[in-house]
Amino acid sequence: MPSPRAPRPAPPAPADLAHPAGLAPPAAALPPIPALHSSVIDWFDEHARELPWRRPDAGAWSVMVSEFMLQQTPVSRVLPVHEQWLARWPRPAALAAEPPGEAVRAWGRLGYPRRALRLHAAAGAIAERHGGQVPDDHAALLALPGVGEYTAAAVASFAYGRRHAVLDTNVRRVFARALTGVRYPPTATTAAERKLAHALLPEDEATAARWAASTMELGALVCTARAPACVRCPIAAHCAWRLAGSPAHDGPPRRGQTYAGTDRQVRGKLLAVLREATGPVAQEELDAVWHEPVQRARALDGLVADGLVEPLPGGTYRLPLT
DNA sequence: CAAACGTGGTT
DNA sequence: TAACCAAGTTT
C-alpha cells in the first residue's frame, strides 16, 4: 500500500481499485500493480498457445476474423474454419466481392450464422470506407457491423497494439476472482468492471496490449469457469477469491439455456439444409426438417428477415446472393 | 436490460 | 442426462 506521504501522486491503492462497489476488502493486500502485470505477462510469455491469429505475420484481418468466430465459439472449433477462411479471402475486399451467402456457407457449423453475415458486411464497409484496411481506431471499429465493445478493443489491442481495456468473459472472471474476491463476475458487464479494467491498464501501450492478451489467456487456460487450476496460477498467492477461501457463487443461478425445441434449433436445421445445397431448395425439403408447421414457418420467416435466407419466386429458397 | 441468437463438448 | 460453458452483439 502506498504511504500517505508519498512524494508524488501515487496510483490508486489496489484495494480501492478492487472494490469500487464497496465489497469487503481481501484478506491480504495485492502486490504493486506493475508486479501484478509482470507476473501475468511473464506467465503468458511461457505458456501462451500458438494460435494462427497470434503469429507475428498475422494481419489485422486475420485477427478480426478470429474475433468474430470466437464470439461464443471455442478455439478448437474455430481453428480449421479460420484457416480456410483466410486462405479463401486473404483480405476484406476479397470477401466483400462475394455474395453474403458464401460467407454463411463457409461459416459451416460454428453457430450464430448472423456473425458470418455481419463479418461479410464489415468487410464491405472496410473495402468501401477504409481503403480495404481494417481500421485501428476503436470508434471506427465499433461502427462496423458485428463489432461491439469487446471486439473493437480486441482488434485494436491485438492487431495494432493499442491501449484498451479488453473485457471478455475470461478477463472478467480473472478480475472477479483475483481482485473482487468472488467466483463469478456479474451477468452483464458493469460500470465497476470497466472502471477496474481501466485502472489496471498499464500506461505503456505495448505493455497494455500484452496485459490484455495475458489476462485473457490466463482465464482461458488456468482461471477457468468450472475448475480453476490455481496450482498453475501465477497470481494465486494474491487472489482475493482464494484468500477468502474460494467461496461459492452467491448470486442468482448462472444461466441456463435450453435448446431442444426452440426456434433456434429449427433455424439451425433449416440453414443446415441450405448450406449443403448447391442450388435452390424446394419448400418440401425444408418442411422435412421440422414437424410442427407453425414453428417451422416462423423459423424460416425469421431467417429471411435476418437476411440469412433468400426466398425465390418459385417457392424455393437459397442462401442470399445479395 | 432481458432475451434472442447455433453448435457441440464436458461434467 | 440435464446443465453448463465457449474471445459477444443486437434489439
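If you're wondering where the values come from, they're calculated on a predicted model, not measured in any experiment.
Contact between the side-chain N/O atoms of Thr151(A) and the OP1/OP2 oxygens of dT9(C) is found at a separation under 4.0 Å. The side chain of Arg115(A) places no N or O atom within less than 4.0 Å of a non-bridging phosphate oxygen (OP1 or OP2) of dA7(C). Here Tyr112(A) does not reach the OP1 or OP2 of dG8(C): none of its side-chain N or O atoms lies under 4.0 Å away. Taking 4.0 angstrom as the limit, Arg173(A) places a side-chain polar atom (N or O) nearer than this to OP1 or OP2 of dA6(C). Between Tyr259(A) and dA2(C) there is no side-chain N or O to OP1 or OP2 distance below 4.0 Å. An OP1 or OP2 oxygen of dG8(C) is reached within less than 4.0 angstrom by a side-chain nitrogen or oxygen of Gln72(A).
Residue Glu292(A) places its CD atom among more than 12 non-hydrogen atoms of other residues, nucleotides or ligands, all under 6.0 Å distant.
At the heavy-atom level, Val78(A) lies nowhere under 4.0 Å from the strands shown. As judged by a 4.0 angstrom heavy-atom cut-off over every strand, Ala154(A) is placed among residues making no nucleic acid contact. Among the protein residues, Leu271(A) comes within range of no part of the nucleic acid, since none of its heavy atoms lies under 4.0 Å from any strand. Among the atoms of the strands shown, only primed sugar atoms or phosphate atoms (P, OP1, OP2) are found under 4.0 Å from some heavy atom of Glu149(A). If you check every strand for non-hydrogen atoms under 4.0 Å, Gly111(A) touches a base. Residue Phe158(A) is classed as having no contact, given no heavy-atom separation below 4.0 Å to the nucleic acid. When heavy atoms are screened at a 4.0 angstrom cut-off, Arg275(A) is found touching the sugar-phosphate backbone but no base atom.
The side chain of Pro74(A) approaches dA6(C) more closely than any other nucleotide in the set dA6(C), dA7(C), dG8(B). In this structure, the nucleotide among dT10(C), dA7(C), dG9(B) sitting nearest to the side chain of Leu51(A) is dA7(C). Distances from the side chain of Leu70(A) to the nucleotides dC5(B), dA7(C), dC4(C) place dA7(C) closest.
Atom name C1', nucleotides dA6(C) and dC1(B): the rounded distance is 23 Å, in whole Å. Distance check on atom P: dG6(B) versus dT11(C) gives 14 Å, rounded to whole Å. For the P atom pair drawn from dC5(B) and dA7(C), the interatomic distance equals 23 Å after rounding to whole Å.
Look at CG on Asp263(A): it is 10 Å from C1' on dA4(B), rounded to the nearest Å. Between the C1' atom of dG6(B) and the CD atom of Gln265(A) lies a distance of 10 Å, rounded to the nearest Å. One atom, CG of Leu141(A), and another, C1' of dT9(C), lie 15 Å apart when rounded to the nearest Å. Taking atom CG on Leu144(A) and atom P on dG8(C), their separation rounds to 18 Å, with Å as the unit. Rounded to whole angstrom, the span from the CZ atom of Arg183(A) across to the C1' atom of dC4(C) amounts to 12 Å. Whole-Å rounding puts the Arg267(A) CZ to dA3(B) P distance at 18 Å. One atom, CG of Leu110(A), and another, C1' of dT7(B), lie 9 Å apart when rounded to the nearest Å. Atom-to-atom, CG of Asp306(A) to C1' of dT10(C) comes out at 11 Å; the value is rounded to the nearest Å.
We find the CZ-OH distance between Arg172(A) and Tyr150(A) to be 13.0 Å, quoted to the nearest 0.5 Å.
Two residues, Arg226(A) and Pro113(A), neighbour DNA chain B, and the one matched to the more 5' nucleotide by heavy-atom proximity is Pro113(A). Between Ala188(A) and Thr73(A), the one whose closest nucleotide on DNA chain B sits nearer the 5' end is Ala188(A). Both Trp53(A) and Val147(A) lie close to DNA chain C; mapped to their nearest nucleotides by heavy-atom distance, the more 5′-ward contact belongs to Trp53(A).
Thr73(A) and Arg115(A) share a side-chain donor-acceptor pair at under 3.5 Å. Between the side chains of His37(A) and Ser214(A), no donor-acceptor pair is found at a separation under 3.5 Å.
If you check distances only, the side chain of Thr169(A) never reaches the base of dG8(C) with a donor-acceptor pair under 3.5 Å. No hydrogens or angles were tested; on distance alone, a donor-acceptor pair under 3.5 Å links the side chain of Arg264(A) to the base of dG6(B). A donor-acceptor contact under 3.5 Å links the side chain of Arg77(A) to the base of dT7(B).
Leu308(A) and Leu110(A) fall into different hydrophobic clusters, where Ile, Leu, Val, Met, Phe, Trp and Tyr are joined by side-chain heavy atoms under 4.5 Å apart, directly or via other members.
Between Arg54(A) and Glu217(A) a salt bridge is recorded (basic side-chain N to carboxylate O distance below 4.0 Å).
Relative orientation of the Trp211(A) and Phe175(A) rings is parallel, given thresholds of 30° and 60° on the angle between their planes.
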